[in-house]
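Just below is one structure, and these are the notes that go with it.
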Number of protein chains: 2
Amino acid sequence: MTRLAHRIDMLDEGVERARQIVPDLPVAEVTLARLLLMVGGGLQEELERKLKPHKLGDSDFRTLIALFSHPDGSSTPSELCQFAAQGPTNMTRITNALVKRGLITRGHSEADRRQVVIRITADGRRFVRKLLPPMFPRAHAYFAGFSEADKRHLGRLLRKLAANLDHLDADAQR
Amino acid sequence: MTRLAHRIDMLDEGVERARQIVPDLPVAEVTLARLLLMVGGGLQEELERKLKPHKLGDSDFRTLIALFSHPDGSSTPSELCQFAAQGPTNMTRITNALVKRGLITRGHSEADRRQVVIRITADGRRFVRKLLPPMFPRAHAYFAGFSEADKRHLGRLLRKLAANLDHLDADAQR
DNA sequence: AAGATATAGTTCATGGGTGAATAAACGTAG
DNA sequence: CTACGTTTATTCACCCATGAACTATATCTT
């Protein structure tokens, strides 16, 4: 991957050149938005690289973690879709793969026979317990040099941004 | 799409439950990282939704903008790859599509006959000039309620995070 | 000058994700 | 109880992106 620092330089220059052609371009906002997309993408890549040796994608990982952290280790596809932010189509594929690897099981709910009950297996739990700890140092490294206040600020600003996006979506629907 | 606010709630709860099982989980860092991925993804979706009516994906958009903001409106695939953060494979597909729509042209460089020279057409410039302004209000809306200091902080923190990611990558290579 | 090496771009096979259509089970209004 | 609409999950067809293999040109080494 091209280094992010270089891409950020190109971004700054590109936005500045664009502003000269289209003067009312909101420089700060566009730069921030692109910065966020860029850093988010970089983090995603970094995470996937870390997961690849275990033959997991991030969506598989999120699904597995959701089950792992669930009180009784079980859930349903639709609930997992919400947590992992996936469409049902994709969840079908993901659970197929995890079942094949013996990390989860698929069963039928007797309460509602439409629903599928997905449960993490003992193997699945072991797998996650081995998987997580090696990721902790990395998680700290991402935020090396961040003060506690920095982390609080970043969290606050991202949550505010999320609220704005929700608001925009709600407006768009009407 | 499920609202981000709801997904953030689930994230907070999930991380807290996971911490109870795996006590040394770095709560703040994991939450921030996931928050960033989530908001980044939300912003990406929002952007793509906005571009869809024009039959553009974000990568096509970035490519077109790169050419538009380039001094003489021309570049080469490999340079565009850097700017748009795409592999060469994908750039071939993107430029194929844009050429077919008459927004760019493909030619051969006489200096280096391996290189392809890509140039934005007059139609392409017109297209971008129509495309951009309607996006400005949205760009402002994303950051509604952000003070100037908030924007500066967010930018600073994202750039610092980018530097950390670069550093990690560089280390991983050795 | 010749051969090894590197770079630019394309093609091909594949992976990961989504929307539309479908089937089964559930809820509800008459 | 029946008929209609809803929800759950799956399948199918497609879109976007990537890695590996390949071709053509350029550059470096000797």
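Fair warning: this is a prediction, and the values are worked out from it, not measured in the lab. So you know, we letter chains A, B, ... as the sequences are listed, proteins then strands, and number each from 1. All values below were derived from every heavy atom in this structure, side-chain atoms included, with hydrogens, water molecules and symmetry-related copies excluded.
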Do we see a donor-acceptor contact under 3.5 Å between the side chains of [X] and [Y]?
X      : Y      : result
B:H70  : B:E79  : yes
B:N96  : B:R93  : no
B:T121 : B:D123 : no

Would you mind telling me which of [options] lies closest to the side-chain atoms of [X]?
X     : options                : result
A:R93 : C:dG17, C:dG9, D:dT25  : C:dG17
B:Q86 : C:dC26, D:dT18, C:dG17 : D:dT18
B:P88 : C:dT10, D:dA9, C:dA8   : C:dT10

May I ask you to decide whether B:D24 forms a salt bridge with B:R19, counting only side-chain N to carboxylate O separations under 4.0 Å?
no

Euclidean distance, atom [atom1] of residue [X] to atom [atom2] of [N] [Å, nearest integer]:
X      : N      : atom1 : atom2 : result
B:Q44  : C:dT18 : CD    : C1'   : 14 Å
A:Q82  : D:dT8  : CD    : P     : 9 Å
B:R62  : D:dA17 : CZ    : C1'   : 11 Å
A:E45  : C:dG16 : CD    : P     : 15 Å
B:I94  : D:dC15 : CD1   : P     : 15 Å
A:E110 : C:dC26 : CD    : P     : 11 Å
B:N96  : C:dC12 : CG    : P     : 12 Å
A:N90  : D:dA13 : CG    : C1'   : 15 Å

Would you say the base of [N] and the side-chain of [X] have a donor-acceptor pair closer than 3.5 Å?
X      : N      : value
B:T89  : C:dT11 : yes
A:S59  : C:dG16 : no
B:R114 : C:dT7  : yes

Looking at D:dT10, I'd like to know if its phosphate oxygens (OP1 or OP2) sit under 4.0 Å from a side-chain N or O belonging to A:R106.
yes

For a quick test of reading the model: is some side-chain N or O of A:S78 closer than 4.0 Å to OP1 or OP2 of D:dA9?
yes

Tell me the closest heavy-atom pair linking B:S75 and B:L80, and the distance in Å.
OG-CG, 3.9 Å

Here's a test of your reading of the structure: between A:D112 and B:E48, which maps to the more 5' nucleotide of DNA chain D?
A:D112

Looking for any heavy atom pair under 4.0 Å, which part of the strands does A:G87 touch: base, sugar-phosphate only, or nothing?
sugar-phosphate

Regarding B:T92, tell me which of base, sugar-phosphate or nothing describes its non-hydrogen contacts under 4.0 Å with the strands shown.
base

Closest to the 5' end of DNA chain C, once A:A85 and B:E79 are matched to their nearest nucleotides, is B:E79

If you assign A:R113 and A:D58 each to the DNA chain C nucleotide with the nearest heavy atom, which residue ends up on the more 5' nucleotide?
A:D58

Hydrophobic cluster membership, with links at side-chain heavy-atom distances under 4.5 Å among I/L/V/M/F/W/Y: are B:I65 and B:M135 in one?
yes

